[in-house]
Amino acid sequence: MTTQRTKLPGVGTQYDIETRAGRHISVVVHQDGRRFLGFYEPDDPDACQATVPLDADEASSLAELLAPQDTPRLGASEMDIDLVTERIPVTTQSPYRSRQLGETRARTRTGAYIVAVLRRTGPHPSPGPDFRLEAGDAVVAVGTREGVDELARIISGT
């Protein structure tokens with residue numbers, strides 16, 4: 001079995017897997033979080049038979065099915081807390097568009113953490129309080145369901 005990783009500038013990353021049986025499967029992870037599975041002809045590794053788009057929840061469910069049963073899961077089973085990760089869009093109507101991230105006071109107001117900002121030009125992990133949000137960004141937040149939902153209301157201005 002071989003695995004190859006290829007950067008796709010402006011798109012994301014493609015992971016190609018050739019199984020021991022000689023089948024070619026690829027996963028394309030787009031910068032905006034979308035994922036596509038690709039299945040290729042056994043006789044022609046360049047001929048794609050089918051693609052399957054997956055949203056974040058579907059990709060996570062599939063990963064759980066494919067992971068070995070004895071692999072410990074970080075989250076509820078080890079830490080006994082329920083955390084969610086969500087992408088929150090920054091729209092043109094957001095009161096925080098063109099403002100610094102620190103002005104949201106996200107952690108203080110909601111308990112949720114902003115762990116990254118996704119922008120068309122690329123991801124910005126661990127942005128500081130002086131990071132300026134732009135319309136079209138997606139804020140990646142981690143926290144309780146209630147905290148992340150409240151942060152989404154704050155960012156959207158509703």
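- Residues Leu101 and Pro129 form no side-chain contact, since every pair of their non-hydrogen atoms from C-beta on lies 4.5 Å or further apart.
- In this structure, the side chain of Arg35 does not engage the main chain of Leu54 through any donor-acceptor pair within 3.5 Å.
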| request: Could you walk me through whether Thr85 and Val140 pass side chain to side chain contact (heavy atoms under 4.5 Å, CB included), step by step? | output: CA-CA 7 Å; Thr85 302; Val140 180; 3.8 Å; yes

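- With a 4.5 Å cut-off on side-chain heavy atoms, Tyr96 and Val90 do not count as touching.
- Nearest heavy atom pair, residue Ala116 against residue Pro125, reads CB-CA, 4.0 Å.
- Heavy-atom contacts from other residues, nucleotides or ligands closer than 6.0 Å to CZ of Phe36 number more than 12.
- Under the 3.5 Å distance criterion, the side-chain polar atoms of Arg109 are matched with a main-chain donor or acceptor of Thr104.
- Considering NE2 of His24 and CG of Asp16, their distance stands at 3.5 Å, rounded to 0.5 Å.
- Counting heavy atoms from C-beta outward, Gln4 and Glu18 have side chains that stay 4.5 Å or more apart.
- Summarising the local packing, CZ of Arg23 is surrounded by more than 12 heavy atoms from other residues, nucleotides or ligands at distances under 6.0 Å.
- Using a 4.5 Å heavy-atom cutoff, the side chains of Thr110 and Val148 are not in contact.
- Atom CG of residue Leu133 and atom CD of residue Glu103 lie 9.0 Å apart, to the nearest 0.5 angstrom.
- Between Gln100 atom CD and Asp130 atom CG the span is 6.0 Å, to the nearest 0.5 Å.
- Of the possible donor and acceptor atoms, one in the side chain of Ser94 sits under 3.5 Å from a partner among the backbone N and O of Ile155.
- Judged by distance alone, the side chain of Glu58 and the main-chain N or O of Asp55 form a donor-acceptor pair under 3.5 Å.
- Proximity of a side-chain donor or acceptor of Arg132 to a complementary backbone N or O of Ser98 within less than 3.5 Å is detected.
- Nearest approach of Leu151 to Ala141, heavy atoms of both residues: CD2-CB, 3.6 Å.
- Taking CD of Gln31 as the start and OG1 of Thr13 as the end, the distance is 8.0 Å to the nearest 0.5 Å.
- The distance from the CZ atom of Arg145 to the CD atom of Glu150 is 12.5 Å, given to the nearest 0.5 Å.
- With rounding to the nearest 0.5 angstrom, the CD1 atom of Ile114 is 14.0 Å from the NE2 atom of His124.
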